[in-house]
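The structure appears below as structure tokens.
In listed order, ligands and their atoms are each counted from 1. Numbers here are sequence positions counted from 1.
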Amino acid sequence: MKSIAIDGPSGAGKSTIAKILSKQLGFIYLDTGALYRSISYKLLNMNVDINNHILLEDILSTTKIDIKFINNCQKIYIDDIDISDNIRKPEISMAASKFSAIDSVRKYLFKKQVDISKKNNIIMDGRDIGTIILPNADLKIFLTADLDDRANRRYKELKKNGMNIKLEDVKRDMENRDKNDSTRKMSPLTIAEDAVVIDTTGYSLEKTLDVVSIIIKGRF
Ligand code: DC
């Protein structure tokens, strides 16, 4: 099976690029952030204390997570309920960043991700795909951009989805998440040794796509 790993901080354009590429290449696209968001959605709704690791493990051991791809669109079911439309709110982003630092949460989702990659040609995006989940990926890309660019993109995206939000709040949350995600002990966001780093600051989506497509053509 062929695999492409795309890692990078939030708002770097990973999922937009991965979605387009997956259609062009006929690969499955797995948005791993959505898995962390989904688990965190459940834990947040249950008001679970993040420091109570025994309770966390207990809940995870009885939690069912299913991923379905319908018309190349990923749907996530937690305990048989489709929660895909409930996981994009800023409070879920922040909860996902916090819960994803917990050992048992990462272990719970590790197998799920690896199993899917064994059965499909796949593009996965996240924080630890090139380093931990797909260390032998055929291509690893680390997509980044400066904080202002990323915050602006995310702000426009959330506004487009009808969310009432301020740019400064988006930027502050993003900065906090970047810090959490890159300084945690378990699988922090780092650049894999063999990754191609692309800084998309000031780039349009088309330009980013052009750059990535050239790299893919050279590799496959
Ligand atoms: O990609 P995203 O913004 O949807 O991810 C939400 C959070 O989930 C992110 O802040 C950190 C965590 N995450 C992770 O730890 N590892 C991944 N592979 C993907 C996401």
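Summary of contacts: the protein heavy atom closest to atom 7 (C) of ligand 1 is Ala96 CB, 3.7 Å. What sits closest to atom 19 (C) of ligand 1 on the protein, heavy atoms only, is Thr32 OG1, 3.4 Å. Closest to atom 8 (O) of ligand 1, if we only count protein heavy atoms, is Tyr36 CB, 3.5 Å.
Those atoms of ligand 1 that come under 4.0 Å of a heavy atom in Arg37, given as number and element, are 2 (P), 3 (O), 4 (O), 6 (C). Every atom of ligand 1 with a heavy atom of Gly33 under 4.0 Å away is listed here by number and element: 1 (O), 2 (P), 4 (O), 5 (O), 19 (C), 20 (C). Atoms of ligand 1 found under 4.0 Å from any heavy atom of Ser100 (numbered from 1 in listed order, with element): 11 (C), 12 (C), 15 (O). Ligand-side atoms of ligand 1 in range of Ser97: 10 (O), range being under 4.0 angstrom from any heavy atom.
For ligand 1, none of its N or O atoms has an N or O atom of Ser93 under 3.5 Å away. At under 3.5 Å, a nitrogen or oxygen of Arg177, whether backbone or side chain, sits near a nitrogen or oxygen of ligand 1. Ligand 1 has a nitrogen or oxygen under 3.5 angstrom from a nitrogen or oxygen of Asp128.
Between the Asp7 side chain and the Asp128 main chain, a donor and an acceptor come within less than 3.5 Å of each other. In terms of modelled atom types and a separation under 3.5 Å, the side chain of Lys75 and the main chain of Ile70 share no donor-acceptor contact. No side-chain donor-acceptor contact under 3.5 Å links Asp58 to the backbone of Ile54.
Between Asp169 and Tyr155, the side chains place no donor N or O within less than 3.5 Å of an acceptor N or O (distance only, hydrogens not considered). Checked by atom type, the side-chain pair Arg153/Thr200 shows a donor-acceptor distance below 3.5 Å. In summary, the side chains of Ser97 and Asp181 do present a donor paired with an acceptor at a separation below 3.5 Å, with no hydrogens or angles considered.
Comparing Arg127, Lys14, Arg88, Arg154 against atom 1 (O) of ligand 1, the shortest heavy-atom distance belongs to Arg127.
Heavy-atom distances between Arg106 and ligand 1 reach below 4.0 Å in at least one pair. For Arg184, the closest heavy-atom approach to ligand 1 falls below 4.0 Å.
A cation-pi geometry, defined here as NZ or CZ lying under 6.0 Å from the six-membered ring centre and within 45° of its normal, holds between Lys68 and Tyr77.
Closest approach of Gln74 and Ser84 over heavy atoms only: O-OG, 4.3 Å.
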Practice task
Kindly determine whether Arg150 and Asp178 satisfy salt bridge (charged side-chain N to carboxylate O under 4.0 Å, His left out), including the steps that lead there.
Solution key: CA-CA 11 Å; Arg150 291 188 286 119; Asp178 283 356; 2.7 Å; yes
